[in-house]
Structures are given as C-alpha cells and as structure tokens.
Amino acid sequence: MNKQTISPNLGLDLVRVTEAAAFVAGRWMGRGDEKQANKEAINAMARAFETLPIDGRIVIGEEKRLAVSTPLDSGKNVGNGNGPAMDVVVDAIDGTALLTQGLPGAISVAGIAPRNSMWAPYPATHMEKIIVGADAANALVPECLDAPAAWTLALVARAKNKAVRDLVVFVLNRPRHRHLIEEIQATGARVMALSQGDIGGALMVASHDINVDILMGTGGVSEGIVAACAVKSLRGGMLGRVIPMDEAEAEVLKDSQVDCTTILTQEEIVAGCDIYFAATGITRGALFAGVHYQGTKVEAESIVVRCQTGTRRIVQVEHFLHESEIDTSP
C-alpha cells in the first residue's frame, strides 16, 4: 500500500481491533477486577493493532487514566507501518466499572484520522462537552457551553421539534455534576445519569435510532476525541473545552501552554473527513448486544463508521477461538 493512500476499507480493519479487546474484556464481566480487565483488554488491542495497515501514533493514551504504563500510551506507535500515517485514539474499555460490576453499557472503541488531524491538548485530562445528533447539530452554538442548561435545552428542543420535557439528557453521575443535573431536572427534561461510559453516551446521542437527545458535562479528553470521531462521522454536533480539575492541574496546563479558554467544535477536534470510528459491545446495553461465549465460539456486535460517506455499518461477528483462548476451567 502506498503510504499516502487511505483505503476505504480501513474501518473494517479497525473493527477487528475493538473486537479483539472486547473478546478478552468480556471474560471479566462481574468479576470485580478493574486493573486486570484493563490490562488484558489493552494488551489484546495492542496485539490486534500490529496487523492494521497503518503507520499509527497514539495521540492521547491510556496512561493518564490508569496511572500505569501501557502499550497504548501517548506517543506510542501502532499498526504494522505499511500504510498511511494516522493519528489514533482508543479506549479498550469505556466503562470498566460497568464491566466488572456486571452492568450494561461497557464498550471497546477506537478512532483514527490522518496524522496531525486530531486535537492533542496533552497533558490535559478533562474537558467540558456538549454533544447532539444530526437533527440538532445546526442549533449548537459556542455560547451553549457557558449558558444555563435551560437555554441550551430550549435550542435543542426547538431544532428537534420536541418539548423540553420530552428530551433525554445523558450526564455522567459524578459529584461535579450535581448542580448541572439539578438544572436539567428543573427544566422538566429527563436525565440519564450513568456512572461511566461517556463515549457510549455520545454514541447514543449521535445515533438516530436511540432515544437520547444530548450529552452534557465534563469527561475525559481522550474519550472526547474518540467521541468526536463518531459524532463528526454521523453528522452530529459537538462543543468541547479543556477544564482543569484542580489548582495543581491548572498550573500544569498553564506551564504546558494548554488553552483552557477556546471552545472547539467537532471540526476542530478532528480535522478533515478521512476519519474512521469503530466500537464493539462488551456488556449488553442500548447500543450493543454484548459479548457472548459458547464453547469454541464467541459472538459480538459492532459498528463501523466512515466520515467520508457518513456510512454506519452494523457488524455481527462469530469468531471461533484458538485452543489457547478457550476457557476450560470448571
């Protein structure tokens, strides 16, 4: 492959990466060990990347979230090197606590785009986000990120031809969002408050066939960049801005000259149209059926999205396990 050529089938190669992580991660459902689940899923994803025909580089990796070194850390090279130079952002398990507690909604995700097209505010860890689907993308304006929730929800409701009370708002259920959730509830809108999984939340919002209208609140930067790959590809709208979580981080970001004031759209978070996004379900949820094991076979459900065409493919996979992968414990 010419190093400057990006294959239109690259998304189908990428989904094998998220499937590999999901097949391994699914074994840790309900077992309570987040550390080991993350370690094995990341290692499986890294091995799968070795076959991907790209010269890839991780933009923002797993080390900040996990506080340990991993094969998918920021700046690491991935892919077999025989392909186009690409930026890569991943989350081997979005919703690790959901997985290890046996709860719905854990997924494995990856996004890729041409080299230097992804926003990379390292060492920032968190960002403010608002995400809507294609039917409300034109209603989103930068002022929404600083405006009262009621004002933003009114804009979105008008664009979607709904009453505000008919909206469903995804918010991470964290102490930092207590006042935001109260604001949303005061408008009469309904709240979907989950403990983890804001990439999954973004994907629900961007998918026209799931009844979630808008995502609001603060989440991870790497998760935001992955989400932007999906949201932009599905023609949704997004606003984002780096936010320090305490005074110490504010000083670090200032010293690193990270801009904490500019509000970015999905177009600025991931530039261009040669973007691919893939996600595979690990535990059953609104998006995916989840991984299912039966003897020598494992089944899973994924999506692959190509920004150039806006195509979303639903992929059902039946994978026959190698002997070394089969669980023979009683």
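This one's a predicted model, so the numbers in the text were calculated from it and none came from an experiment. Side chains included, hydrogens not; waters and symmetry mates left out as well; all remaining heavy atoms used.
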> Do side-chain atoms of E268 reach the backbone of T265 as a donor and acceptor pair under 3.5 angstrom?
Replying inline: yes
> Would a hydrophobic clustering, with Ile, Leu, Val, Met, Phe, Trp and Tyr connected at side-chain separations under 4.5 Å, put V24 with I93?
Replying inline: no
>> Applying side chain to side chain donor-acceptor pair (under 3.5 Å), can you list everything that pairs with D13, at least two apart in sequence or on another chain?
In response: R16
> Within a strict 4.5 Å, meaning less than it, do heavy atoms of the P71 and V78 side chains meet?
Replying inline: no
> Nearest 0.5 Å, what's the OG1-CD distance between T218 and E128?
Replying inline: 5.0 Å
> Rounded to the nearest 0.5 Å, what separation is found between the OG1 atom of T311 and the CG atom of L234?
Replying inline: 10.0 Å
>> Set out, in order, the CA-CA distance, both residues' side-chain angles and the distance that settles side chain to side chain contact (heavy atoms under 4.5 Å, CB included) for E249 and I243, then state yes or no.
In response: CA-CA 9 Å; E249 185 177 3; I243 182 169; over 6 Å; no
> Do R176 side-chain atoms and M245 backbone N/O form a donor-acceptor pair below 3.5 Å?
Replying inline: no
>> For S302 versus V15, what's the shortest heavy-atom pair and its separation?
In response: CB-CG2, 3.4 Å
> Other hydrophobic cluster members with V164, side-chain heavy atoms of Ile/Leu/Val/Met/Phe/Trp/Tyr under 4.5 Å, chained?
Replying inline: I130, V132, L140, L145, L153, V156, L167, V169, V171, L180, I181, I184, V191, I214, M216, L239, I263
>> My understanding is that only residues two or more places apart in sequence, or in another chain, count here; which of them pass side chain to side chain donor-acceptor pair (under 3.5 Å) with S256?
In response: none
> Does one hydrophobic cluster hold both V168 and V205, with members joined at side-chain heavy-atom distances below 4.5 Å?
Replying inline: yes
> Would you say I107 and I314 are hydrophobically clustered, going by side-chain heavy atoms of ILVMFWY under 4.5 Å?
Replying inline: yes
>> Once rounded to the nearest 0.5 Å, what's the spacing between atom CZ of F288 and atom OG of S108?
In response: 10.0 Å
> Would C144 and W151 count as a side chain to side chain contact (heavy atoms under 4.5 Å, CB included) if you check the C-alpha gap in whole Å, the side-chain angles of each, and the deciding distance to 0.1 Å?
Replying inline: CA-CA 8 Å; C144 290; W151 189 78; 3.9 Å; yes
> Transitive ILVMFWY cluster of L98 at side-chain heavy atoms under 4.5 Å: who else is in it?
Replying inline: L103
> Closest approach of A136 and A159, non-hydrogen atoms and distance?
Replying inline: CA-CB, 4.0 Å
> Is a side-chain N or O of T100 found less than 3.5 angstrom from the main chain of D33, in a donor-acceptor match?
Replying inline: no
> Rounded to the nearest 0.5 Å, how far does CG of L194 lie from CZ of R174?
Replying inline: 10.5 Å
>> If I take atom NZ from residue K160 and atom CG from residue D166, how far apart are they, to the nearest 0.5 angstrom?
In response: 11.0 Å
> Where the side chain of Q266 meets the backbone of M238, is there a donor-acceptor pair that is under 3.5 Å apart?
Replying inline: yes
With a 3.5 Å cut-off and sequence neighbours excluded, list the donor-acceptor pairs that the side chains of residues 41-54 form with protein atoms.
unit_1 : atom_1 : unit_2 : atom_2 : d
N43    : ND2    : K39    : O      : 3.3
T51    : OG1    : A48    : O      : 2.9

> Should we say atom CG of D255 is surrounded by more than 12 heavy atoms from elsewhere, each under 6.0 Å from it?
Replying inline: yes
> Do the side chain of Y122 and the main chain of V258 share a donor and acceptor less than 3.5 angstrom apart?
Replying inline: no
>> So which atom in A113 and which in S117 form the shortest heavy-atom distance, rounded to 0.1 Å?
In response: CB-OG, 3.2 Å
>> Please identify which of these residues, R284, Q316, H292, meets the side chain to side chain donor-acceptor pair (under 3.5 Å) condition with E301.
In response: Q316
>> Could you see if M192 belongs to whatever hydrophobic cluster contains V231? Use Ile, Leu, Val, Met, Phe, Trp, Tyr and a side-chain cutoff under 4.5 Å.
In response: yes
>> For A147 versus T152, what's the shortest heavy-atom pair and its separation?
In response: CB-OG1, 4.2 Å
>> Quick check: closest heavy atoms across I210 and A286, and the distance to 0.1 Å?
In response: CD1-O, 3.7 Å
>> Between I303 and F277, is there a side-chain heavy-atom distance shorter than 4.5 Å?
In response: yes
> Do V291 and H319 have side-chain heavy atoms sitting under 4.5 Å apart?
Replying inline: no
> Taking a hydrophobic cluster as the set of Ile, Leu, Val, Met, Phe, Trp and Tyr residues connected by side-chain heavy atoms closer than 4.5 Å, whether directly or through intermediates, do V212 and L155 fall within one such cluster?
Replying inline: no
> Within the distance-only criterion (no hydrogens, no angle test), does the side chain of T283 pair as donor or acceptor with the backbone N or O of G105 below 3.5 angstrom?
Replying inline: yes
>> So V90 and V226, do their side chains get closer than 4.5 Å, heavy atoms only?
In response: no
>> side chain to side chain contact (heavy atoms under 4.5 Å, CB included) for L14 and R306? Distances and angles first, verdict last.
In response: CA-CA 11 Å; L14 184 64; R306 184 186 178 202; over 6 Å; no
>> For T262 and L264: C-alpha separation, side-chain torsions, deciding distance, then whether side chain to side chain contact (heavy atoms under 4.5 Å, CB included) applies.
In response: CA-CA 6 Å; T262 301; L264 305 177; 3.8 Å; yes
> Donor-acceptor pair, D274 side chain versus P114 backbone, under 3.5 Å?
Replying inline: no
> Backbone N or O of C307 within a donor-acceptor pair of the R235 side chain at under 3.5 Å?
Replying inline: yes
> What's the shortest heavy-atom distance between V59 and W119, and which atoms?
Replying inline: CG1-O, 3.9 Å
>> Distance check, rounded to the nearest 0.5 Å: L72 atom CG versus S222 atom OG?
In response: 11.5 Å
>> Under the salt bridge (Lys or Arg N to Asp or Glu O under 4.0 Å) test against D213, which residue among R165, K162, R190 passes?
In response: K162
Between side-chain atoms of residues 195-204 and protein atoms elsewhere (two or more places apart, or another chain), which donor-acceptor pairs fall under 3.5 Å?
unit_1 : atom_1 : unit_2 : atom_2 : d
Q196   : OE1    : T96    : N      : 2.9
Q196   : OE1    : A97    : N      : 2.8
D198   : OD2    : K129   : NZ     : 2.6

